[in-house]
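Worksheet: the structure to be examined is printed underneath.
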Amino acid sequence: MTITALVENKSDCELKAKHGLSLYIETQKHKILFDLGPDSTLFENAAARGINLSDIDTVVISHGHVDHAGALKQFLQINSTAKIYVQRRAFERHYSKFLFFKINVGIDPKFQKHPQIILVDGDFLIDEELQLFTVESSNRFYSPANNSLYDQNGRDSFSHEHNLIIKEKKTVLIMGCGHTGVINILEKAKKYQPKACVGGYHLFNPMTGQTVPAALLDAIKDELKKYSDIELYTCHCTGMKAFLYLSEGLFNLHYLSCGQTIEIK
């Protein structure tokens, strides 16, 4: 299995960095995009790496925010066969609040009726290799970086967020923003026995530029130490300040920047 970051906040190579996430994953049976990023950056970076996005057979949109699904319309224009898995509630209205401003960060709801879209309610088995799961409660190690995010009913509960399990020789857990909390997600994923985990931890608020308090980072780090048998690759909404803080003494934690590829053997 190979996992390449095609859209990510930070780039140390020729690819364009952008706030958002898209991971290109090749398995024995699938060519997968996990999230699509916010705009045409995905297509520019894929072309630069010689990746033909019309060959993608499976797309997973992790949750209903534009920085993870903004390129959906453009993707559908170049790929008419991929199955696209999205939680049903991802197409509800989603907002970010900053001071007195309310900013729409949701996905265009007109796409929920597109024939390639498969609406999912909770956990879902795609096939023997791929499985989606949700986390019901985000109370443990809750990130205050979530506080500016709302849905149509009030403060966002992130019931529109799901995570991907890929079962090959080694099992891998893929997250988007981990809004429900990386520790809560890892706890639910224990039964799958993942050997690697890739995704954001949402410990940084891009609107305010603030990282969550050190006390929360310390608590998360203590919990992550219990997962020393898992290679942890974080990115996107974790933020570099939080990553550097967590990675001190946590030797299985790595940063996955745009253009980097992980090989899972």
Side-chain angles (χ1 to χ4, degrees), residues 1-8 21-37 42 46 49-64 68-69 71-72 75-76 78-88 90 114-136 160-178 180 182 184-200 227 229-236 252 254 256 260-265:
M1 186 192 316
T2 60
I3 303 167
T4 302
L6 287 181
V7 180
E8 207 280 315
L21 186 66
S22 182
L23 303 175
Y24 172 67
I25 306 169
E26 281 198 25
T27 70
Q28 292 178 359
K29 297 182 179 180
H30 293 288
K31 291 184 177 180
I32 304 163
L33 279 180
F34 186 91
D35 286 336
L36 299 169
L42 166 64
R49 287 297 170 91
I51 296 171
N52 186 352
L53 298 182
S54 65
D55 292 337
I56 298 294
D57 60 80
T58 303
V59 176
V60 174
I61 295 177
S62 64
H63 61 295
H68 295 256
L72 177 57
F75 178 80
L76 289 169
I78 61 105
N79 186 310
S80 61
T81 56
K83 295 180 179 179
I84 303 169
Y85 296 87
V86 193
Q87 286 290 318
R88 187 179 304 275
H114 193 281
Q116 287 173 253
I117 296 288
I118 298 174
L119 296 176
V120 176
D121 295 295
D123 297 359
F124 186 81
L125 181 66
I126 297 175
D127 59 23
E128 66 276 8
E129 188 178 80
L130 306 177
Q131 184 167 351
L132 302 169
F133 75 91
T134 59
V135 173
E136 293 74 26
H160 55 102
E161 180 180 72
H162 57 198
N163 311 281
L164 175 64
I165 289 289
I166 306 175
K167 296 179 180 178
E168 281 201 322
K169 187 174 180 181
K170 290 183 179 178
T171 297
V172 176
L173 163 62
I174 310 288
M175 310 185 307
C177 274
T180 55
V182 58
N184 299 317
I185 295 168
L186 282 168
E187 179 130 355
K188 184 158 183 183
K190 276 182 180 177
K191 60 185 177 182
Y192 305 113
Q193 299 181 312
K195 294 303 178 186
C197 173
V198 183
Y227 296 92
D229 60 332
I230 300 177
E231 290 300 314
L232 304 169
Y233 299 90
T234 195
C235 53
H236 179 43
N252 59 325
H254 320 279
L256 178 65
Q260 288 186 324
T261 297
I262 304 165
E263 286 191 36
I264 309 294
K265 298 181 180 179

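Between the side chain of Glu161 and the backbone N or O of Thr180 there is at least one donor-acceptor pair closer than 3.5 Å. Under a 3.5 Å cut-off, the side chain of Thr27 and the backbone N or O of Lys29 do form a donor-acceptor pair. Side-chain atoms of Asn79 come within 3.5 Å of backbone N or O of Ile56 as a donor-acceptor pair. Of the possible polar contacts, none joining the Gln131 side chain to the Lys167 backbone as a donor-acceptor pair under 3.5 Å is found. Lys170 places a side-chain N or O within donor-acceptor distance of the main-chain N or O of Lys265, the cut-off being under 3.5 Å. Counting only distance, with no hydrogens or angles, the side chain of Asp35 and the backbone of Ser62 share a donor-acceptor pair below 3.5 Å. Panel note: side chain His162, backbone Ile61; a donor-acceptor pair is recorded below 3.5 Å. Asn252 places a side-chain N or O within donor-acceptor distance of the main-chain N or O of Tyr227, the cut-off being under 3.5 Å.
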Worksheet item: For Tyr85 and Leu164, what are the C-alpha separation, side-chain angles and deciding distance, and is it a side chain to side chain contact (heavy atoms under 4.5 Å, CB included)?
Response: CA-CA 10 Å; Tyr85 296 87; Leu164 175 64; over 6 Å; no

Worksheet item: Can you check side chain to side chain contact (heavy atoms under 4.5 Å, CB included) on Lys195 and Asp229, steps first, answer last?
Response: CA-CA 7 Å; Lys195 294 303 178 186; Asp229 60 332; 4.0 Å; yes

Worksheet item: Hey, mind stepping through Asp123 and Lys188 against salt bridge (charged side-chain N to carboxylate O under 4.0 Å, His left out) and telling me if it holds?
Response: CA-CA 12 Å; Asp123 297 359; Lys188 184 158 183 183; 3.5 Å; yes

Discussion item. Test side chain to side chain contact (heavy atoms under 4.5 Å, CB included) on Val172 and Ile262; report intermediate values, then the result.
Written reply: CA-CA 11 Å; Val172 176; Ile262 304 165; over 6 Å; no

Discussion item. For a side chain to side chain contact (heavy atoms under 4.5 Å, CB included) check, start with the C-alpha distance between Ile25 and Met1, then their side-chain angles and the critical distance, and finish with the verdict.
Written reply: CA-CA 7 Å; Ile25 306 169; Met1 186 192 316; 4.0 Å; yes

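Summarising the geometry, atom CG belonging to Leu42 is positioned 8.0 Å from atom CZ belonging to Phe75; distances are rounded to the nearest 0.5 Å. Here the NE2-CG distance, from His114 to Leu119, works out to 12.5 Å after rounding to the nearest 0.5 Å. The line from CG of Asp121 to CZ of Arg88 is 4.5 Å long, rounded to the nearest 0.5 Å. In this structure, Tyr192 OH and Thr171 OG1 are separated by 10.5 Å, a value rounded to the nearest 0.5 Å.
No side-chain heavy atom of Gln116 sits under 4.5 Å from any side-chain heavy atom of Val59. Proximity of Leu33 to Tyr24: side-chain heavy atoms (C-beta onward) are separated by under 4.5 Å at one or more points. The shortest side-chain heavy-atom distance between Leu186 and Ile230 falls under the 4.5 Å cut-off. In this structure the side chain of Ile3 reaches within 4.5 angstrom of the side chain of Ile174, judged on heavy atoms. Contact annotation: the side chain of Ile118 never approaches that of Ile126 to less than 4.5 Å [non-hydrogen atoms, C-beta and beyond]. For the pair Val7 and Leu21, the minimum side-chain heavy-atom distance is 4.5 Å or more. Within the 4.5 Å cutoff, the side chain of Leu130 has heavy atoms near those of the Ile32 side chain. Between Glu263 and Thr2 there is a side-chain heavy-atom pair separated by less than 4.5 Å.
Using cut-offs of 30° and 60° for the angle between ring planes, the His63 and His160 rings count as tilted.
Applying the 6.0 Å contact sphere to CD of Gln193 captures no more than 12 heavy atoms from other residues, nucleotides or ligands.
At a cut-off of 3.5 Å, with distance as the only test, no side-chain donor of Gln260 or Tyr233 sits close to an acceptor on the other residue. With no hydrogens or angles considered, no side-chain donor-acceptor pair links Thr134 and Gln87 at under 3.5 Å.
Evaluated for a side-chain contact (heavy atoms from CB on, under 4.5 Å) with Leu256, the options Thr234, Leu23, Thr4 yield exactly one hit, Leu23.
Listed here is the closest heavy atom pair of Ile165 and Ala189: CD1-CB, 4.5 Å. Taking every heavy atom of both residues into account, Ile264 and Ala196 meet most closely at CD1-CB, 4.0 Å. Between Met175 and Gly200 the shortest heavy-atom distance is CE-O, 3.4 Å. In terms of heavy-atom proximity, Glu168 sits nearest to Gln28 at OE2-N, 2.6 Å.
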